[in-house]
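Report on the following structure.
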Amino acid sequence: MKVFKFGGASVRHATAIRQVGNLLKRYSGEPTLVVISAMGKTTNALERVAEALHRKQSPSGEIEALVAYHQEVIAGLLPENHPIANEVKNLFVDLPHWAEKSLGFDALYDQVVSTGELVSTKIVSAFLEQQNLPVKWVDARQYIVSDNTYREGKVDWDATRKLCQSLPGLMNTGIVVTQGFIAKSKEGLTTTLGREGSDYTAAIFAACLGAESVTIWKDVPGVMNADPKRLPDAITFDELPFREAAEMTYYGASVIHPKTIKPLANHGIPLLVKNFDNPDLPGTKIYETKVDQLPPLIVFKDNQCLISCRVTDYTFIHEEQLSLIFTALSELDIRINLMQNSAISFSIVVDFREDKVLNLIQRLSSIFQVYYNTGLTLITVKNYDTRTFDAYRKKPGVLLEQSSRSTLQVLIKP
Ligand code: ASP
Ligand code: MG
């Protein structure tokens, strides 16, 4: 059995959804579970709805726009008056009722934002049925169980594995279509697994089902050694070891969600990244393999913040002070992307999530003189060669650099 995942771009309009149908026809005949994201930028719009509801403001403008967008897609796929049109409309129009439930923001967010995936899978299923494909729509929340950490649900693997046992039977009767990104919490509410989490959902199902592979359908030819929008001469990898792919996601390559690799690697399930518009292209196969001489991999991570903590007297930075910095980072759940120390200062580079980072800076200011700089880009060159090593170190605006035998990182002010 196989697991396929289609992201928001692959279902963003009627034409894209027709292509999903074509791909599923092409690969029919094998038990398949299909994981689908919310359409286009729906999740961002739903985030705004959740924020408005939390602030007790009316989200009616956003909701109208979401209804109109989805109705247009439905009109491009299904006959007029198809019952799905009403069902979808009601799901959006009913969203404000979550504001009455006195939920904390994160829990409210998940109840609202998960609607994107529920709606997209309903529309795609209805269309596939129309195309005479045997489809079973299932609610992912009846299979994937998480703890109560809203917006970042941690999967309960034992419970999830047990619930997934009934899926193979269902997959023998039709293509199972389900939502990415969402799960059910221990207290019975919806949780989400972190932004862009649908890849992770595909990996969870594959691991629990012992699938033969997961295929992520993308708008790129496969995993590339750089973002082709930034570096037009980027090349596509034919194959990549799991470890290499996992490290890429750590440095910020956005092609696969960072949590996706681990469950697949643990179960030896290959991950294929293939081109949605051109399925004849070979794409990239990520699996347990050794590749010698990978070309340099270049990852740009924008929106970085450099924070430097200086001691205020003539002492040097010492371990006790470092431990205060790390405690603050851990308590605020901020990940370090790069760090460096000198005699009198300790510098860290983190994603600039404003509220969290300003909070951190405020905490550190009681101990150190703190300087910070935002709007920076962290460039990581993994498996560098002499040419890329020199080129990236000499980039204009380098504020900080660090290298090991395999990896160079430079922080620049663009
Ligand atoms: N729809 C969710 C998001 O945009 C999950 C996903 O696309 O993977 O973050
Ligand atoms: Mg997405």
Side-chain angles (χ1 to χ4, degrees), residues 3-13 16-17 19-20 33-51 62-63 65-66 69-70 73 88 91-92 95 105-125 137-141 143-144 146 149-155 177-185 190-207 214-220 223 245 248-249 252-264 271-274 276 303 351 353:
V3 175
F4 281 2
K5 183 261 172 172
F6 295 99
S10 306
V11 289
R12 70 185 187 282
H13 45 44
I17 294 174
Q19 175 64 356
V20 171
L33 180 135
V34 181
V35 172
I36 298 178
S37 300
M39 289 164 37
K41 303 272 177 243
T42 299
T43 305
N44 293 352
L46 286 167
E47 283 188 335
R48 293 192 293 273
V49 171
E51 278 154 20
E62 289 290 353
I63 289 180
L66 280 164
Y69 167 42
H70 285 78
V73 177
V88 163
L91 279 167
F92 284 125
L95 284 176
F105 176 68
D106 289 351
L108 169 73
Y109 174 104
D110 282 357
Q111 311 321 302
V112 170
V113 165
S114 51
T115 309
E117 270 68 14
L118 291 171
V119 161
S120 68
T121 50
K122 289 202 180 228
I123 296 173
V124 174
S125 295
W137 180 90
V138 310
D139 187 331
R141 297 170 297 183
Y143 298 93
I144 302 184
S146 79
T149 317
Y150 295 97
R151 297 186 70 180
E152 205 54 67
K154 309 275 173 303
V155 174
V177 171
T178 194
Q179 307 78 39
F181 184 50
I182 70 173
K184 180 171 259 150
S185 73
T190 305
T191 44
T192 61
L193 304 173
R195 283 302 308 265
E196 306 299 330
S198 296
D199 293 352
Y200 183 42
T201 300
I204 296 167
F205 277 120
V214 171
T215 307
I216 298 184
W217 296 94
K218 303 266 316 177
D219 56 2
V220 284
V223 179
M248 285 174 70
T249 67
S254 60
V255 61
I256 308 157
H257 187 277
K259 288 188 197 154
T260 311
I261 303 291
K262 188 172 173 224
L264 297 179
L271 173 62
L272 313 171
V273 179
K274 284 186 61 85
F276 179 73
N303 196 26
D351 292 347
R353 288 179 64 178

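Each ligand, and each atom within it, is numbered from 1 in the order the structure gives.
The nearest pair of heavy atoms linking Thr43 to Val113 is CG2-CG1, 3.7 Å.
Ligand 1 has an N or O atom lying under 3.5 Å from an N or O atom of Glu196, backbone or side chain. Between Arg195 and ligand 1, a contact under 3.5 Å exists for at least one N or O pair.
Atoms of ligand 1 found under 4.0 Å from any heavy atom of Phe181, numbered from 1 in the order shown, are 2 (C), 5 (C). Residue contact check: Thr43 has heavy atoms under 4.0 Å from atoms 1 (N), 2 (C), 3 (C), 4 (O) of ligand 1.
With rounding to the nearest 0.5 angstrom, the CD1 atom of Ile182 is 5.5 Å from the CG atom of Asp139.
Using a 4.0 Å cut-off between heavy atoms, Ser37 contacts ligand 1 through its side chain alone, with no backbone atom that close. If you look at His257 next to ligand 1, there are no close heavy atoms at all, none under 4.0 Å.
Although no hydrogens or angles enter the test, the distance criterion places no donor-acceptor pair under 3.5 Å between the side chain of Tyr150 and the main chain of Phe105.
With salt bridges taken as basic N to acidic carboxylate O contacts below 4.0 Å, none links Arg353 and Asp351. Classification of Lys259 and Glu152 as a salt-bridged pair holds, one side-chain N sitting under 4.0 Å from a carboxylate O.
Not close to ligand 1: Gly116, with no non-hydrogen atom less than 4.0 angstrom away.
When each of Thr191, Thr178, Leu118 is checked for a side chain to side chain contact (heavy atoms under 4.5 Å, CB included) with Arg141, only Leu118 meets the rule.
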